[in-house]
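A short worksheet on the structure shown next.
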Amino acid sequence: MRVIIDGKECEAGYGEYILDVARRNGIHIPTLCHSGALPGQGSCRLCIVEVAEAGKKKVVVSCLYPITGEIEVTTNSERIYRMRRNIVRLLAARAPSGEFIKKLREEYGIPEETRFKVDEKEKCILCGLCVRACEEIGLSAISTVNRGTTKKVAPPFEEPPEDCIGCASCAYVCPTGAIEVQEFEGKRVIWNRAFELLKCAGCGRYFITRQQYEYIKNKHGIDMKEPLCDRCRQKSTAEKLIHLL
Amino acid sequence: MIQEKRGEDLSQVKSILDRYPRERRFLLAILQDIQKTYNYLPREALNEVRDYLGIPLSSLYSMATFYKALSLKPKGTYVIKVCDGTACHIRGSMDLIDEIRKLLSVSPGEVTKDGRFSLETVNCVGSCALAPVMVINDKYYGNLKPAMVKEILAGYGGIRGDWDTK
Ligand code: SF4
Ligand code: FES
């Protein structure tokens, strides 16, 4: 299937999302809530583009819009720029403090917010990626709580979460760095809960929490006699293979 | 933060759970039943529901904090809901709230010290023609004037102790 993105001809599979095709062809569309591992969140709306199909133009969310016909896409028209600027402004009013949001604000020349009450320390845009990441891992230790203006992401009762294994996947997927993780003296603190970190038996680096290690062992039946970080595990597998040869 | 009565008798939670299959889609109905029985969602009851349905506690907490009809703190025996939708607002719901605040020393979202009344504002009870409206438990009072509030509350026993001094 042939689509045109910003004047460039691109090949697309049926049902492929515009964003993926654009990225493959080196065309940049800004995103916040898009994660390769957890696609289809579609909550930040930053990735809007204009689609022309059968003579009609419409604005769609590129990370969620499947290509089903020969369309022409514009990622940076006057109209898109204007709308995206508004979106950035609203996101920045909600969560002014994240690094990425700050950069976007500069890029789009967003003035000091005077119309809305702004919490200067807020980083979370409520995209929900962290909640999904935790759900994907099979724990759902955190969720969105409350609603409307008091909505936020938190563990049950806003206490250190019982179900958490300290894997920090939530912090890792968060596009704005809103989830705090601290590591010191062989401990990791996240969601106000402290976890003991284990050292890699190969290189001696702290890399995994005890709960995470147990969880992987039990739940996924992965045979790890001693904790090995990714790099050392690859090395040890390679060594075993060499022995076999 | 969240306070609740200690050692709530949870035997009724069991009989509520018995009425539902172990499926996630019944979560809201179960929580509504518990709310109705206990006037709030006791924390241990939430744990029971979690174990029964086999779902994470965070899903329960998320739902419990989402719906206004559910509450994690005990509500009063009588829940006063003053409608503050557009029609009621225009016709003076704030005056009703002020009157109740004066009579019961309670603000929206709070419970009286004796635990008998809680006060809430809601965004519409679908009786705009009767504005301003307030609902106590399941009974509706329409076309209200602040002066009528005292007598209505007296019908619920008012507030014990300092009622007369008000
Ligand atoms: S904490 Fe981060 S990932 Fe989670 S909802 Fe907020 S912005 Fe999204
Ligand atoms: S990246 Fe598409 S809506 Fe956020």
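Below, chain A is the first sequence line, B the second, and so on; all start at residue 1. Treat the numbers as computed from the prediction; the structure is a model and nothing was measured.
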Requested in this report: Using modelled atom types only, decide if a donor and an acceptor are shared between the side chain of A:Tyr215 and the backbone of A:Cys167 within a distance under 3.5 Å.
Outcome: no
Requested in this report: Please flag which part of A:Glu135 lies under 4.5 Å from any non-hydrogen atom of chain B: side chain, backbone, both or neither.
Outcome: neither
Report task. For the pair B:Lys75 and B:Glu120, find out whether any cationic side-chain nitrogen is under 4.0 Å from an anionic carboxylate oxygen. Result -> yes
Query - Contacting moiety of A:Asp163, where chain B heavy atoms sit under 4.5 Å - result: side chain
Report summary line: Which of A:Ser43, A:Ser169, A:Cys134, A:Ser35 passes side chain to side chain contact (heavy atoms under 4.5 Å, CB included) with A:Leu129? It is A:Ser35
Query raised in the report: Given that the side chain runs from C-beta out, which part of B:Leu46 has a heavy atom under 4.5 Å from chain A: side chain, backbone, both or neither?
Result: side chain
Query raised in the report: What about the rings of A:Phe157 and B:Tyr61, do their centers lie closer together than 6.0 Å?
Result: yes
